[in-house]
Amino acid sequence: MKKNSKNWQTVVVVGAQWGDEGKGKVTDYYAKKTDYVVRFQGGNNAGHTIMHGKHVLKLHLLPSGVLHKHNTVVIGNGVVIDPFVLFAEIQELKKLGINIKLKISERAHLIFPFHILMDTESDQMMAKKNLSALSTQRGIWPTYADKMGRVGIRVVDLLDKQIFKKRFDLLFDLQKKKLSALYHNSKGLNKEKIYQKFVKIGKKIRPLVVDTSIELDQAYNQNKKILFEGAQGAMLDVDHGLYPYTTSSNTIAGAVCAGVGFAPQKIDRVIGVVKAYLSRVGGGCLPTELTDDTGDLIREVGGEYGTTTGRPRRIGWLDLVQLRLAVRVNGLSSLAITKIDILDVLSEVKICTGYKYKGKILKEMPADLSVYEKCQPVFKTFTGWSADYHKTRDYQKLPINMKKYLDFIEKDLGVPIEMVSVGPERNDTILK
Ligand code: GDP
């Protein structure tokens, strides 16, 4: 394996917290050097905000690496695809003069309108019971559920009219029955109309479809550089995150292997993107949550409102207990710390080093939510720093108090910081 930060061929960039860590900016930086940018999980429930000149570009399905035109963009089998969103984003990029080279896995599953309706209905029901991570209502979980239930429809099925008809008949009737029985709501679903719309868009998809596992294997053998771009973050991983307040896919680096068909020993590096504080949407415990003026200030200065939904995000201090899990399950080789400039406005900043539970200190995240709810954060407090460092691109010239904060994170997690992002622009980036 080529593990060091200069000599690598494949890199995975993942969120180490709750998503919205600023992965868009970090992947955009690495995508300069790569030949392929690949998504391997999730769907258009993701949301990256990236700057393209003066344009603020919000992408949900396509990876943020698309802005570097030399890259081939791949959507792997682990992604669930709403083809209408896909072509809307392609169109949006065309308007900016960006024509992407896109390849879609024939094994990826498709999102249909009944999946979106099921998602919306169930989310409303779950929200009443306070059990929801707050769904983006894009039909993601019902599509994954149908995939696992082996009634889902893959991209390849759409390319054969007869197979598609047969599978669509089955899935539509099944979903309609479920929606009628559970929510008395299926009237807006017109079978023939949906069928025809998908047949039509299937013709547009056809030229883009390949076996992406073979494509990437060949690229690897030709020494091409590949970037795998994660969506969401480790705490939202359906197995390792704060279940059930998670997303519906595995968001960790290991998901690359299944979500693309790429062998684990070929992955050189895994970069974890860590925001200098926390934000998340949805329910569930968040021990370091700030419900006071400091939280409001960070939310406003940091623009912490959902890219996909516009919802205000919950804010908290950086939590090392959660990050220890992210480091371990992802096998992080380095950290990219983002949005540290947002903390410039504070006179003191805190880091959670453990949880107090029944007189003991927990260093790792409990799976049992009834335990987690009772955990009290233990904080280490740091003096703030002044914002007079913005012209420097030299890590050593960063304010001493900021370096103390960063050094503490690095030391506790035992993972080197590779990059510190000090603003939204491409050049607001400091390499260590
Ligand atoms: P992602 O889903 O992980 O890509 O995160 P988002 O796109 O939701 O959040 C990133 C937002 O923060 C975008 O608006 C970025 O332009 C912005 N951003 C990224 N890094 C920094 C940074 O270091 N400082 C500031 N001020 N903004 C940043």
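Throughout, numbering of the chain's residues begins at 1 and tracks the sequence. For ligands, and for the atoms within them, numbers begin at 1 and follow the listed sequence. The figures that follow rest on heavy atoms only: side chains count, while hydrogens, waters and symmetry mates do not.
Exactly one residue among Lys339, Arg299, Arg314, Arg280 makes a salt bridge (Lys or Arg N to Asp or Glu O under 4.0 Å) with Glu304. That residue is Lys339.
Within ligand 1, counting atoms from 1 as listed, the ones closer than 4.0 Å to a heavy atom of Lys25 are 20 (N). The distance from ligand 1 to the heavy atoms of Ser421 drops below 4.0 Å at these ligand atoms: 20 (N), 21 (C), 22 (C), 23 (O). When each atom of ligand 1 is checked for a heavy atom of Gly47 under 4.0 Å away, the hits are 1 (P), 2 (O), 7 (O), 8 (O). Residue contact check: Arg313 has heavy atoms under 4.0 Å from atoms 8 (O) of ligand 1.
The backbone and the side chain of Lys339 each have at least one atom closer than 4.0 Å to an atom of ligand 1 (non-hydrogen atoms only). The proximity of Asp20 to ligand 1, defined as any non-hydrogen pair under 4.0 Å, involves the side chain as well as the backbone. Under 4.0 angstrom from ligand 1, there are no non-hydrogen atoms of Lys275. Looking at Ile342 against ligand 1, only its side chain comes within 4.0 Å, counting heavy atoms.
Relative to the ring axis of Tyr389, Lys397 does not place its NZ or CZ within 45° and under 6.0 Å from the centre.
The shortest N or O to N or O distance between Asp341 and ligand 1 is below 3.5 Å. For a threshold of 3.5 Å applied to N or O pairs, the pair formed by Gly22 and ligand 1 contains at least one separation below that value. An N or O contact shorter than 3.5 Å links Gly423 to ligand 1 by distance.
For Tyr355 and Tyr372, the ring centers are positioned less than 6.0 Å apart. In this structure, Phe84 has its ring center closer than 6.0 angstrom to the ring center of Phe198.
A search for side-chain hydrogen bond (donor to acceptor under 3.5 Å, both in side chains) contacts involving Ser249 returns Gln41, not counting sequence neighbours. For the side-chain hydrogen bond (donor to acceptor under 3.5 Å, both in side chains) test, residues two or more places apart in sequence or in another chain that qualify with His115 are Thr143, Asp146.
The pair Asp82-Arg138 does not meet the salt-bridge criterion, since no charged nitrogen lies less than 4.0 angstrom from a carboxylate oxygen. A salt bridge does not link Arg39 to Glu229: none of the charged side-chain nitrogens sits closer than 4.0 Å to a carboxylate oxygen.
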